[in-house]
Protein chains: 4
Amino acid sequence: MPASPNPLRRNEASRRAILDAALQLSAEHGYGRLTIEAVAARAGVSKKTIYRWWSSKGAVVLDAIDDMAAVADYPDTGSLAADLHTQLTAVIDLLTSPENSAVTGLIAEALQDRELAHDLRERLIRPRITTFKSRLRKAQLEGQLAPDADLDVALDLIYGPVYHRLVFHLGMPDPQQLETLIDHALRAFDPPQSTR
Amino acid sequence: MPASPNPLRRNEASRRAILDAALQLSAEHGYGRLTIEAVAARAGVSKKTIYRWWSSKGAVVLDAIDDMAAVADYPDTGSLAADLHTQLTAVIDLLTSPENSAVTGLIAEALQDRELAHDLRERLIRPRITTFKSRLRKAQLEGQLAPDADLDVALDLIYGPVYHRLVFHLGMPDPQQLETLIDHALRAFDPPQSTR
Amino acid sequence: MPASPNPLRRNEASRRAILDAALQLSAEHGYGRLTIEAVAARAGVSKKTIYRWWSSKGAVVLDAIDDMAAVADYPDTGSLAADLHTQLTAVIDLLTSPENSAVTGLIAEALQDRELAHDLRERLIRPRITTFKSRLRKAQLEGQLAPDADLDVALDLIYGPVYHRLVFHLGMPDPQQLETLIDHALRAFDPPQSTR
Amino acid sequence: MPASPNPLRRNEASRRAILDAALQLSAEHGYGRLTIEAVAARAGVSKKTIYRWWSSKGAVVLDAIDDMAAVADYPDTGSLAADLHTQLTAVIDLLTSPENSAVTGLIAEALQDRELAHDLRERLIRPRITTFKSRLRKAQLEGQLAPDADLDVALDLIYGPVYHRLVFHLGMPDPQQLETLIDHALRAFDPPQSTR
DNA sequence: AGCTAACCGAGACGGTACGTCCGGTCTTTGT
DNA sequence: ACAAAGACCGGACGTACCGTCTCGGTTAGCT
């Protein structure tokens, strides 16, 4: 998220050192205790250099995460439920492991910073929503999901629970509970049986 | 979340002034810009007095919100879907209105602070989950929900979407979308029609 | 040169530590390399505490010097010329010794800072001019100086040379030269002999 | 004060632009607020170019002043006292006018920088001392000054007062006071009348 | 006339210190 | 006796300049 200076003259070594330092320090002491000061020191870089290219510590961490975590293809073993289970497990691990406090830290910060929120959504989340929907569309073609299922609703029902639990610290579902959740979420797209 | 001093000798007027100031300032400048310093000044209170009774700005704001928002009974008009719609709309308003930035601020802070997270869950959230489940149980008795429906799953499916959208700034559902969501969530508890 | 806070509540230990640190550091590294940052560190004091009571590093050093160097009586052995020699030698030592770089540093800074210049004049210089003039007045009573001699002119002629040499780094007079200078300066007040 | 690069290939336009910018900015904002950064920007020149040819901001300003103020002949109307008055008035104007803050700034900086002090003395001051002494020697030949008068002492007595007053901000002499000062200074070289 | 070394503009960089803000603790003072 | 008022240490903030360092692009003077 560069601001104004000439990106062509940017020092790639400094950029890498900054992003690496940000992730390391976040893992070591937690996102909350991360400071620009410490990142600069660890990276052997002037604070000015950080402020030249990023507008806040959140922006640095977002870049660092984005840089690290290339968008992976959605798992596809043929079984939609199994693939959702696999992928949700990965997400839960990411949100839960202490060394990835950067991710929840970023989520927390974005809740209070519109600009950061925008970048978080567009750069990290949107692409992953896209691959998720592609996987669902394939499932529709294969008859594992109703052809008229609203994929946005599916997104809400399948991923919503994880973030609801995250936000209120209700504990993440164990594999068994996760299977139950997925099962219910998918059943929501079965044709209605009766009026309610 | 008092710490140690004798609560009997506590000055109620100061307590009220502090909680009021915290909410006012949060509404005026946003939770992120809220400082203990400013609360003390606005409340006409020494910083010491704040630190005597609370451990962090999050704790103050939690108290303030708790104090303000008594646990309301879950709406009950007889129609489960309609009541869910009503209550979810209230939640969305709360999470969305700028003057209630204290709530999302608290959520954000709790993501990074285990102790605050614990208090947030136990004091604000748990009681509301309880009333929600009571309402569902009544619906089961009335036949609006399968008697064997797992109420924890219902909680996840019904409230999850809101927080998923909050966390990634995906936009809150409009009333129409909300109705669709509730409809799908409830359908997840219909008896299965076929093997999947 | 306090700004606004309540001087009654001032911490004397901090004040002393700051002034001592300023003089020490000035002697060690030179006034030019003196920083508020280093003074705070050496004094074990928050930078805020320094800025609370002083407006600039010059103001701190002025206080430190003022605190250290009480106004001494002008030497008085009965011989005006000898006493001037004694006192001028002391001034030259002060302006010359490396460990007193604080004094010339202050002079330099005052050349660029009107407020500091004002304080330097009123607090350090003016009182010493007063004692100097008193000594001259005594010499007048004793017949060592013409009774109608203009004491401001005498001040200029006697002290001027030192500062002229200081400012342009022309080298301070050795004791012999100093005697010659004083002799000439005093002779300027002899009654005129002839028209010029 | 060139350092090492080949002076033959030097860009005269850049040199002029830098010196002009230095004087302009010094006049506009004061020597103290002058920065190499700003000079480079105003002159449309790279900072590197400045550092290539000068060692400090003081060196730049010294060059600028030297460039501007060619050494003028000492005034010579036949009356020594009148000529001294004329020339001292010019010096006082130079040291007093706000737009010439560069001069006092340079003096201030030289008080803290031996190398700059050396250059200031040798390039600006020494030549002017030389012309001053020449004027005095002529006065000696004409019988306006004792033939055995020590010209260094005369320099001290005549110019000293101005710098004493500059350094301690005692106010410059008005024309009347200046005449008195010169009169006394010259009288110091009259033959002694009596033992003192 | 062409080559090449240098100077040049631009400006990113590692640093140092700035002056400010706020967190939490401790002290003084008035009521 | 209690708090209010607020001074205090500490530490991070974001900024300003420092002086150094590439970059390409002129430009000058020697082949």
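Naming: A, B, ... by sequence-line order, numbering from 1 per chain. Excluded from the calculations below are hydrogen atoms, water molecules and symmetry mates; all remaining heavy atoms, backbone and side chain alike, are included.
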Could you work out, with side-chain hydrogen bond (donor to acceptor under 3.5 Å, both in side chains) as the rule, every residue matching C:T104, not counting sequence neighbours?
none
Calculate the interatomic distance between C:L8 atom CG and E:dT28 atom P; express it in whole Å.
12 Å
Which whole-number value in Å describes the distance from A:K57 NZ to F:dC13 C1'?
12 Å
Starting at atom CD of D:E109, determine the distance to atom P of F:dC18, rounded to an integer number of angstrom.
11 Å
For a quick check, with a 4.0 angstrom heavy-atom cut-off, what is the B/S/- contact string for nucleotides 5-12 of chain F, read 5' to 3'?
BBSBBB-S
Take the protein atom CZ of D:R42 and the nucleotide atom P of E:dA10, then report the distance between them rounded to whole Å.
15 Å
Donor-acceptor pair, A:H169 side chain versus B:A110 backbone, under 3.5 Å?
yes
Between C1' on F:dA4 and CD1 on B:I18, what's the gap in Å once rounded to a whole number?
12 Å
Over how many whole Å does the gap from B:I50 atom CD1 to E:dC22 atom P extend?
14 Å
Nearest-angstrom distance from the residue atom CH2 of D:W54 to P of F:dG19
15 Å
Within the structure provided, determine whether D:M68 and D:L23 are in side-chain contact (heavy-atom separation under 4.5 Å).
yes
Under a 4.0 Å threshold between the charged nitrogen and the carboxylate oxygen, would D:R42 count as salt-bridged to D:D20?
no
Salt bridge D:D67-D:R15, side-chain N to carboxylate O under 4.0 Å:
yes
Just how far, in rounded Å, is P of E:dG15 from OH of A:Y51?
17 Å
Output all residues satisfying salt bridge (charged side-chain N to carboxylate O under 4.0 Å, His left out) with D:K47, sequence neighbours left out; order by chain, then residue number.
D:E37
